[in-house]
Amino acid sequence: MSSRCLLLLAIFLSTQPTGQSGEEGPAVPALMVFGDSLVDVGNNNYIFTIAKANFPPYGRDFKDHVATGRFCNGKLLIDFIAEKVGFNGSPLAYLSPEASGQNLLLGANFASAASGYNDHGTLIYFKDYQAKLAVVAGSSHARSIISGSLYIICAGSCDFVYNYYINPFLDTNQTAEQFSDRLVGMFNNSVTQLYEMGARRIGVFSLPPFGCFPMAITLYGHGRSGCVSRLNNDAQYYNMKLKAAVDSLSKKYHDLKIVVLDMYAPLYNLATSPVSQGFTEAKRACCGTGTVEASILCNSLLPGTCPSARTYVFWDVWHPSEAANKVVVDSLVDEINNLVA
């Protein structure tokens with residue numbers, strides 16, 4: 001897999017007025033997502049990278065069994081969030097760079113020797129989008145859309161997995177705590193810029209327990225089948241610093257709704273106690289042997305892929321299954337409702 005990751009911005013605007021046909025429309029005018037492959041609905045298809053997921057068996061449980069570019073057998077975290085806030089039918093499904101009218105897709109490579117939170121380029125795309133939106137909708141309506149929209153940020157995992165842990169320069173010159181502090185500082189700057197651009201409702205995902213991901217167990221488990229504590233400790237330290245940064249931003253900007261969307265706890269519980277929640281396998285992924293396969297290594301020619309991912313916590317070695325994604329989002333209903341209220 002490529003050592004580069006992607007920071008993506010996907011945007012969907014609602015065209016359904018509240019109350020149409022006796023049904024309430026979406027709770028927000030748009031859902032805007034800045035994130036990595038855990039929430040990418042297909043932007044990655046149009047970016048130069050070998051890390052792709054636009055071929056079978058990816059997407060085999062998605063609508064029409066289409067591999068849209070999601071790194072999953074079906075729906076992602078963001079698809080379930082979209083449903084929670086009223087975008088029926090996963091409206092982020094088939095965006096493309098050629099999309100026009102109410103749909104716009106933006107994407108940018110963000111990985112560098114520095115950090116995946118180095119997302120200045122994507123924020124420039126967002127600024128350009130705002131200008132285009134003002135032309136289409138008018139300045140006043142555009143400002144209303146921008147301020148009323150729900151923003152989701154999901155980043156940081158790639159910084160550790162594809163940067164810190166494999167870059168000997170970083171690993172020997174910074175502690176994991178120092179690296180976390182650096183990332184959180186970048187996160188703080190990014191949210192400040194988003195706020196200045198008009199964002200007022202922001203949900204930011206915590207880091208997952210990537211020490212429990214099958215690839216982490218393969219690479220760093222030293223023959224053990226359980227979660228790699230060192231990696232999970234790094235994620236927990238980062239999440240603690242992230243929570244403090246979010247609390248500080250809430251106090252600084254009184255009209256900003258911002259919350260941490262904790263994916264660590266529900267995924268950790270699934271990874272360590274799968275049977276209690278109806279899952280059967282958490283140490284190996286569904287695709288192939290479940291120990292090393294992701295992206296181009298997870299393909300339709302690969303033998304051994306499980307017939308049903310419903311009881312697998314992980315689809316490939318770096319990404320949860322649709323079933324696990326649903327469990328995570330179901331645990332976040334209160335936080336999501338508070339953001340859109």
Side-chain angles (χ1 to χ4, degrees), residues 35-42 52-84 87-94 154 157 205 208-218 225-227 261-333 336:
D36 54 26
S37 59
L38 291 173
V39 292
D40 174 26
V41 298
K52 298 290 187 182
N54 56 348
F55 47 80
Y58 286 101
R60 72 179 191 185
D61 299 314
F62 195 66
K63 181 181 179 181
D64 299 324
H65 313 291
V66 174
T68 63
R70 288 166 167 80
F71 285 80
C72 189
N73 60 301
K75 294 179 182 179
L76 302 174
L77 297 165
I78 197 62
D79 293 308
F80 288 114
I81 290 177
E83 293 175 0
K84 295 292 186 187
F87 289 105
N88 295 324
S90 224
L92 296 171
Y94 302 111
C154 181
S157 295
F205 273 107
F210 41 69
C212 296
F213 284 31
M215 180 62 90
I217 294 174
T218 298
S225 61
C227 301
L261 302 175
D262 177 26
M263 79 165 91
Y264 185 98
L267 269 181
Y268 182 80
N269 290 337
L270 284 177
T272 56
S273 302
V275 176
S276 65
Q277 299 183 66
F279 291 75
T280 60
E281 181 57 71
K283 304 307 179 187
R284 294 176 179 267
C286 172
C287 193
T289 66
T291 58
V292 296
E293 295 87 354
S295 187
I296 59 175
L297 296 180
C298 174
N299 58 72
S300 58
L301 300 178
L302 194 68
T305 298
C306 72
S308 173
R310 173 61 189 84
T311 60
Y312 277 67
V313 175
F314 296 99
W315 163 249
D316 68 22
V317 291
W318 283 129
H319 302 94
S321 65
E322 175 184 290
N325 284 329
K326 185 178 187 303
V327 170
V328 171
V329 174
D330 283 347
S331 74
L332 298 171
V333 170
I336 294 169

Any donor-acceptor pair under 3.5 Å from [X] side chain to [Y] backbone:
{"X": "T218", "Y": "V292", "answer": "no"}
{"X": "N299", "Y": "L301", "answer": "yes"}
{"X": "N73", "Y": "E322", "answer": "yes"}
{"X": "N325", "Y": "F80", "answer": "no"}

Which heavy atom of [X] sits nearest to which heavy atom of [Y], and what is that distance?
{"X": "F71", "Y": "S37", "answer": "CD1-CB, 3.7 Å"}
{"X": "Y264", "Y": "P208", "answer": "CD1-C, 3.7 Å"}
{"X": "I217", "Y": "G211", "answer": "CG1-O, 3.9 Å"}
{"X": "V41", "Y": "D79", "answer": "CG1-OD1, 4.3 Å"}
{"X": "A309", "Y": "R60", "answer": "N-NH2, 3.6 Å"}

Note to self: Which residue is it: M263, K84, E83? I am looking for the one with a side chain to side chain contact (heavy atoms under 4.5 Å, CB included) to V329.
What the structure shows: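 Considering M263, K84, E83, a side chain to side chain contact (heavy atoms under 4.5 Å, CB included) with V329 is found only for K84.
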
Checklist line | Pairwise side-chain contact, T305 with C286, heavy-atom cut-off 4.5 Å (strictly under) | finding: yes

Next item on the list: Could you check if a side-chain atom of L302 sits within less than 4.5 angstrom of a side-chain atom of L297, using non-hydrogen atoms only?
Entry: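 No, side chains not in contact.
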
[atom1]/[X] to [atom2]/[Y] distance, rounded to the nearest 0.5 angstrom?
{"X": "W318", "Y": "D36", "atom1": "CH2", "atom2": "CG", "result": "12.0 Å"}
{"X": "L332", "Y": "L261", "atom1": "CG", "atom2": "CG", "result": "5.5 Å"}
{"X": "M215", "Y": "F314", "atom1": "CE", "atom2": "CZ", "result": "12.5 Å"}
{"X": "S308", "Y": "D61", "atom1": "OG", "atom2": "CG", "result": "7.0 Å"}
{"X": "S321", "Y": "K75", "atom1": "OG", "atom2": "NZ", "result": "13.5 Å"}
{"X": "I296", "Y": "F55", "atom1": "CD1", "atom2": "CZ", "result": "7.0 Å"}

Side-chain donor/acceptor pairs under 3.5 Å, residues 266-276, sequence neighbours excluded:
unit_1	atom_1	unit_2	atom_2	d
N269	ND2	A265	O	3.2
T272	OG1	Y268	O	2.7
S276	OG	S273	O	2.7

Notebook entry, point to check: How about K52: does its NZ atom have over 12 heavy atoms from other parts shown lying under 6.0 Å from it?
Noted result: yes

Checklist line | C298 and C287 SG atoms under 2.5 angstrom apart | finding: yes

Checklist line | Side-chain donor-acceptor pair present, R70, T68, cut-off under 3.5 Å | finding: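 There is such a pair between these side chains.
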
Checklist line | Set of side-chain hydrogen bond (donor to acceptor under 3.5 Å, both in side chains) partners for D316, sequence neighbours left out | finding: Y58, H319

Margin query: Could you work out, with salt bridge (charged side-chain N to carboxylate O under 4.0 Å, His left out) as the rule, every residue matching K283, not counting sequence neighbours?
Written below: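 Expected list: none.
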
